[in-house]
Amino acid sequence: MPATTLDQLVSLCKRRGFVFPSSEIYGGLQGVFDWGPLGVELKNNIISSWWRTNVYERDDMEGLDAAILMNRLTWRYSGHEETFNDPLVDCRDCKSRWRADHIKGRCPNCGSTNLTEPRPFNMMFKTTVGPVADADSFAYLRPETAQGIFVNFGNVLATSSRKLPFGVAQVGKAFRNEINPRNFLFRVREFEQMEIEYFVMPGTEDEWHQRWLEDRLAWWESIGIPRTRIKIYDVPPNELAHYSKRTFDLMYDYPTLGYEEVEGIASRTDYDLGSHSRDQETLNLTARANPNRDSNARLTYYDPESRRHIVPFVIEPSAGVGRCFLAVLAEAYDEQMVKAPPAERVSTVTDALEAFLKSVGRNEKLAPETRDTLIERGQAILAGLPETMPQIETLLAMPGADQVEAGKKLRGQVQGLIDEYFRTVLHLKPHLAPIRVAVFPLKRNHEGLVAMARELRKAIQSGSFFRTVYDDTGAIGKLYRRQDEIGTPYCVTVDFQSLEDGTVTVRDRDTMQQVRIPASEVRAYVAGRG
Ligand code: GAP
């Protein structure tokens with residue numbers, strides 16, 4: 001079963017080093033996160049899969065890596081200076097600030113409805129370039145990677161000799177000064193985008209829009225997100241971004257959040273290339289482009305058939321890496337009962353959880369929302385016991401739980417049981433797993449086993465594009481659990497038989513079945529299944 005709450009994922013990410021709050025030792029920075037050792041591997045694998053599918057496996061794509069800092073005029077003519085705004089309101093009572101469309105007229109902090117009128121807040125971060133900070137030196141951190149592709153359209157066309165239709169792919173950082181960053185990686189201020197600008201003949205854009213929708217859904221499926229878990233939202237005209245004629249948002253069913261956008265596929269017409277071009281009056285633009293007196297180029301394509309210079313239309317599939325990461329984790333996440341715990345021990349946990357919830361209800365020090373959240377979550381766990389037992393750990397890590405005395409007893413009741421009867425497992429597609437293979441010696445103080453396991457790790461890793469690790473920091477059962485929890489598809493154990501006949505066991509993460517094969521075949525075995 002996929003994750004049921006965002007907290008399960010937050011807790012896993014922290015526990016196992018996927019994601020850390022940025023500059024945590026100084027209290028962090030709101031809406032900014034760092035990728036830990038496992039997070040960076042999973043994130044890189046997601047990006048590689050996206051790049052492979054969209055650049056290498058097609059014959060109509062090029063790649064690009066444009067700078068984050070761009071001439072400020074880019075953002076004037078893209079329309080962002082004028083329109084990249086969110087509606088900001090202040091609470092007059094508690095002085096907090098909110099995005100008006102997220103709060104339904106009531107301050108989430110103090111409940112007051114005494115709010116200011118919404119006013120536009122531009123989300124672009126500003127900085128200065130060079131030693132003098134004045135009006136001429138200021139620049140923006142890009143709020144989307146797309147503009148780097150548009151302003152380089154002429155360069156790519158001239159150097160690649162592409163014919164329409166063709167596209168340019170780019171992965172990189174984007175920055176938005178979100179009014180209220182929230183929900184872990186979902187809405188942050190610094191994030192990465194995987195964007196494609198696909199240039200087509202005017203008049204063919206609707207057909208390409210549909211084709212890209214299908215192609216993108218197929219990719220989501222290839223990374224473990226079935227179509228049934230994505231809804232397509234055909235964005236109504238009054239919600240479209242300033243550049244879009246039509247947009248399909250792919251909405252993933254996130255735990256806790258419900259259906260939210262993970263990717264947008266926009267039909268951007270000739271708005272962008274037109275807005276960044278000079279001599280616009282000669283270009284027969286269909287979009288209401290921004291009048292441009294500064295650009296030194298016409299971003300056009302010479303069509304040999306009609307012998308005319310035309311401004312291509314654009315289809316833009318744009319996905320956030322963090323939101324993709326969260327969807328992949330949510331979908332892969334599973335808490336499995338490996339064997340049923342004895343009834344009497346389950347009832348002890350039931351009693352301890354009931355006592356905990358009662359004491360949460362009585363606790364005057366907790367804020368009412370914290371109390372309600374803990375009780376609501378706890379009751380859902382109570383109703384699903386024993387299967388939901390591992391979620392008690394997440395419950396105890398939630399804000400406020402540490403202030404409830406009965407939590408200690410509950411923790412004591414469940415900890416051993418969870419280790420013995422449950423496992424958390426990430427059913428990640430092997431090509432995404434941070435670690436593809438973990439190699440263990442059956443005994444860590446046996447020289448022969450250790451030497452063979454270390455050699456085998458090296459042999460599997462050599463020339464592979466996936467990661468292989470050696471581990472001897474616990475008993476085999478514990479090592480399996482630890483690798484299951486981070487999604488390692490194969491665990492290889494070197495045992496005494498290995499020393500005699502050169503074979504090892506390979507354990508499959510999902511079935512927990514083991515096969516015995518020659519050590520020399522492990523590399524081909526795991527590579528062939530990824
Ligand atoms: N170039 C088009 C564009 O930027 P967008 O819908 O604003 O369109 C595209 O952003 C994707 O970037 C979104 O679907 C989402 O996955 C991701 N994204 C946008 N804002 C984000 C934020 N504050 N935090 C995390 N991801 C974000």
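As the structure is a prediction and not an experimental result, all values here were calculated from the model. Counting starts at 1 for both ligands and their atoms, in listed order.
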Below 4.0 angstrom from a heavy atom of [X], which ligand 1 atoms are there? Numbered from 1 as shown, please.
X	answer
Gly264	14 (O)
Glu178	22 (C), 23 (N)
Glu144	1 (N), 2 (C), 3 (C), 4 (O)
Gly320	11 (C), 12 (O), 15 (C), 16 (O), 17 (C)

Applying a heavy-atom cut-off of 4.0 Å, say which part of [X] lies close to ligand 1: side chain, backbone, both or neither.
X	answer
Arg189	neither
Val262	backbone
Arg268	side chain
Glu263	backbone

I want to confirm something. Looking only at heavy atoms, which of [options] is nearest to [atom]?
atom	options	answer
atom 8 (O) of ligand 1	Tyr243, Phe175, Tyr252	Tyr243
atom 5 (P) of ligand 1	Arg187, Arg176, Glu195	Arg176
atom 10 (O) of ligand 1	Glu260, Met123, Gln193, Arg182	Gln193
atom 14 (O) of ligand 1	Arg323, Glu261, Met251	Glu261

List the closest protein heavy-atom neighbour of [atom]: residue, atom name, distance to the nearest 0.1 Å.
atom	result
atom 27 (C) of ligand 1	Phe191 CE1, 3.5 Å
atom 24 (N) of ligand 1	Val188 N, 3.0 Å
atom 25 (C) of ligand 1	Phe186 O, 3.1 Å
atom 2 (C) of ligand 1	Glu316 OE1, 3.1 Å
atom 9 (C) of ligand 1	Ser318 OG, 3.1 Å

Do [X] and [Y] meet the criterion of a side-chain donor-acceptor pair at a distance under 3.5 Å?
X	Y	value
Thr145	Glu195	yes
Asp303	Ser306	yes
Trp219	Ser49	yes

Report task. Spell out, as yes or no, whether a donor-acceptor pair under 3.5 Å connects the side chain of Arg176 to the backbone of Pro143. Result -> yes

Query raised in the report: What's the verdict on salt bridge (charged side-chain N to carboxylate O under 4.0 Å, His left out) for Lys14 and Glu24, showing C-alpha distance, side-chain angles and the deciding distance?
Result: CA-CA 12 Å; Lys14 191 161 173 71; Glu24 196 177 8; 3.0 Å; yes

Query raised in the report: Should we say atom CD of Glu207 is surrounded by more than 12 heavy atoms from elsewhere, each under 6.0 Å from it?
Result: yes

Requested in this report: Look only at interatomic distance and state if Glu197 has a nitrogen or oxygen under 3.5 Å from any nitrogen or oxygen of ligand 1.
Outcome: no

**Report entry** Residue among Phe20, Phe184, Phe325, Phe18 satisfying ring pair (Phe, Tyr, Trp, His ring centres under 6.0 Å) with Phe33
**Finding:** Phe184

**Report entry** Result of checking Arg246, Lys245, Gln210 against Glu205 for side chain to side chain donor-acceptor pair (under 3.5 Å)
**Finding:** Lys245

Query raised in the report: Taking the six-membered ring of Tyr490 as reference, does the NZ or CZ atom of Arg436 fall below 6.0 Å from its centre and within a 45° cone about the axis?
Result: no

Query - Check against ring-ring contact (aromatic ring centres under 6.0 Å, His included), Tyr301 and Phe199 - result: CA-CA 10 Å; Tyr301 168 83; Phe199 303 102; 9.8 Å; no

Query raised in the report: In terms of side-chain geometry, is the basic nitrogen of Arg72 or Asp136 positioned less than 4.0 Å from the acidic oxygen of its partner?
Result: no

Requested in this report: Output yes when Arg227 and Glu214 qualify as a salt bridge under the 4.0 Å nitrogen-oxygen rule, no when they do not.
Outcome: yes

Query raised in the report: For ligand 1, is there an atom lying under 4.0 Å from some heavy atom of Phe84?
Result: no

